[in-house]
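Note sheet for the following structure.
Computed from a predicted structure; not experimentally measured. Below, each value reflects all heavy atoms present in this structure, side chains not excepted, and no hydrogens, waters or symmetry copies.
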Amino acid sequence: MDLSDWKGAPEPERKILEGSYTRLAPLDAELHARTLFEAATAPGAGDRFKYLFDRAPADLTELRGWAEKAAMSADPLFFAVIDKATGRAEGRQALMRVNTVHGVIEIGSIMWGPAITRTRVATEAVFLLAGYAFGLGYRRLEWKCDNANLASKRAAERFGFGFEGVFRRHMVVKGRNRDTAWFAIVDSDWPRLRAGYERWLRPGNFDGSGQQLSKLSFG
């Protein structure tokens, strides 16, 4: 692979990414804090935040303070995940650990509330960020999680990320050791994966209640 002409990749920008079911909007405390708080503190909050670096907010003021700081960050670059059917911010996710020199970027800090977990809104949210990253010219998109987080590992594989190994004793998070499982998609994978996402996201693949008729696949 001759990369003698490689010039790197640009920084991702704060911009709206529009899908059929999902809108990713740059995080804005004024616009998104209230519905994000409701999503974050809905039943199951303990499990939702167990493996994240932050904790479930105690009240709206705490969530708003977090959102104000997060909205000013360029890395991680946070997006609110908006369900276009309701207009509500039902989650958040970020592009992070941005390495423009080598063209490597990570999707992380994912918090999806119960209204969008395991729905086409969440799947399209991953698709939109992946498409944005590879459209900018990034060569590698990473997904990392605590190796004990079985749900996140299953999600990574469902979304087309390939497992690459475990970094043992990688971090200390909330007073616990974290062995980190690494997954990635590289640019040569993306055309095949993009076709699978587009096929799955077609309106005809869902019944009247939004349930899938066929599973996400990349064959």
Side-chain angles (χ1 to χ4, degrees), residues 1 3 6 8-12 24 27 40 44-57 66 69-70 72-79 81 91-113 116-118 122-123 125-194 196-197 216-218:
M1 183 182 297
L3 294 174
W6 169 253
E11 297 276 355
L24 296 183
L27 186 65
D47 290 336
R48 197 170 302 124
F49 281 84
K50 181 176 180 180
Y51 295 108
L52 291 172
F53 291 106
D54 53 323
R55 300 179 186 275
W66 174 88
K69 292 179 181 177
M72 296 175 63
S73 169
D75 186 358
L77 178 62
F78 279 96
F79 293 84
V81 181
R92 60 103 198 289
Q93 59 194 43
L95 287 172
M96 55 197 296
R97 295 187 172 88
V98 180
N99 188 323
T100 59
V101 174
H102 299 295
V104 180
I105 199 166
E106 178 181 343
I107 178 173
S109 197
I110 296 171
M111 191 287 294
W112 296 329
I116 62 170
T117 299
R118 300 185 183 89
T123 298
V126 173
F127 172 66
L128 289 172
L129 274 195
Y132 181 47
F134 289 116
L136 287 175
Y138 282 84
R139 305 173 62 236
R140 175 179 170 87
L141 176 65
E142 297 179 334
W143 176 297
K144 305 189 188 84
C145 62
D146 192 309
N147 193 46
N149 189 346
L150 300 182
S152 184
K153 293 196 293 184
R154 285 194 297 266
E157 291 175 340
R158 176 179 178 270
F159 294 139
F161 289 77
F163 176 64
E164 296 184 330
V166 176
F167 279 33
R168 297 180 296 166
R169 304 290 192 270
H170 183 221
M171 294 182 179
V172 176
V173 179
K174 296 176 180 174
R176 302 192 307 266
N177 172 65
R178 171 171 142 165
D179 295 342
T180 299
W182 287 55
F183 298 81
I185 298 170
V186 297
D187 52 0
S188 58
D189 300 329
W190 183 237
R192 173 178 57 85
L193 299 181
R194 181 178 59 210
Y197 275 105
L216 181 63
S217 65
F218 303 109

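- The ring pair (Phe, Tyr, Trp, His ring centres under 6.0 Å) check on Phe53 picks up nothing, with sequence neighbours excluded.
- Taking the side-chain hydrogen bond (donor to acceptor under 3.5 Å, both in side chains) definition, one finds that Asp54 meets it with Arg92, sequence neighbours left out.
- The side-chain hydrogen bond (donor to acceptor under 3.5 Å, both in side chains) search around Asn177 returns Asp179, not counting sequence neighbours.
- No donor-acceptor distance shorter than 3.5 angstrom exists from the side chain of Arg48 to the backbone of Gly113, with no hydrogens or angles considered.
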Query - Trace of the ring-ring contact (aromatic ring centres under 6.0 Å, His included) decision for Phe218 with Tyr197 - result: CA-CA 8 Å; Phe218 303 109; Tyr197 275 105; 5.4 Å; yes

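- Here Ser73 pairs with Pro76 under the side-chain contact (heavy atoms from CB on, under 4.5 Å) rule; sequence neighbours left out.
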Residues 145-156 side chain polar contacts: donor-acceptor under 3.5 Å, at least two apart:
{"unit_1": "Asp146", "atom_1": "OD1", "unit_2": "Ala148", "atom_2": "N", "d": "2.8"}
{"unit_1": "Asn147", "atom_1": "OD1", "unit_2": "Lys153", "atom_2": "NZ", "d": "3.0"}
{"unit_1": "Asn149", "atom_1": "OD1", "unit_2": "Ser152", "atom_2": "N", "d": "3.1"}
{"unit_1": "Ser152", "atom_1": "OG", "unit_2": "Trp143", "atom_2": "NE1", "d": "3.1"}
{"unit_1": "Lys153", "atom_1": "NZ", "unit_2": "Asn147", "atom_2": "O", "d": "2.9"}

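- With sequence neighbours excluded, the residues forming a side-chain hydrogen bond (donor to acceptor under 3.5 Å, both in side chains) with Trp112 are Gln93, listed by chain and number.
- Legend: residues meeting side-chain contact (heavy atoms from CB on, under 4.5 Å) with Arg118, ordered by chain and number and at least two apart, are absent.
- For Arg139, there are no salt bridge (charged side-chain N to carboxylate O under 4.0 Å, His left out) partners two or more places apart in sequence or in a different chain.
- Checked against side-chain hydrogen bond (donor to acceptor under 3.5 Å, both in side chains), His102 has no partners two or more places apart in sequence or in another chain.
- Applying the side-chain hydrogen bond (donor to acceptor under 3.5 Å, both in side chains) test to every pair with at least one member in residues 162-173, sequence neighbours left out, gives these pairs: Arg140-Glu164, His170-Thr180.
- In the displayed structure, Lys69 atom NZ is contacted under 6.0 Å by at most 12 heavy atoms of other residues, nucleotides or ligands.
- Every ring pair (Phe, Tyr, Trp, His ring centres under 6.0 Å) that Phe134 has, sequence neighbours left out, goes to Trp190.
- With sequence neighbours left out, the salt bridge (charged side-chain N to carboxylate O under 4.0 Å, His left out) criterion links Arg97 to Glu106.
- Taking every heavy atom of both residues into account, Gly160 and Ile185 meet most closely at O-CG1, 3.6 Å.
- Contact of the Ile107 side chain with the Phe161 side chain is registered, since non-hydrogen atoms from C-beta on lie closer than 4.5 Å.
- Judged purely by atom type and a 3.5 angstrom limit, Tyr138 uses its side chain to pair as donor or acceptor with the backbone of Pro10.
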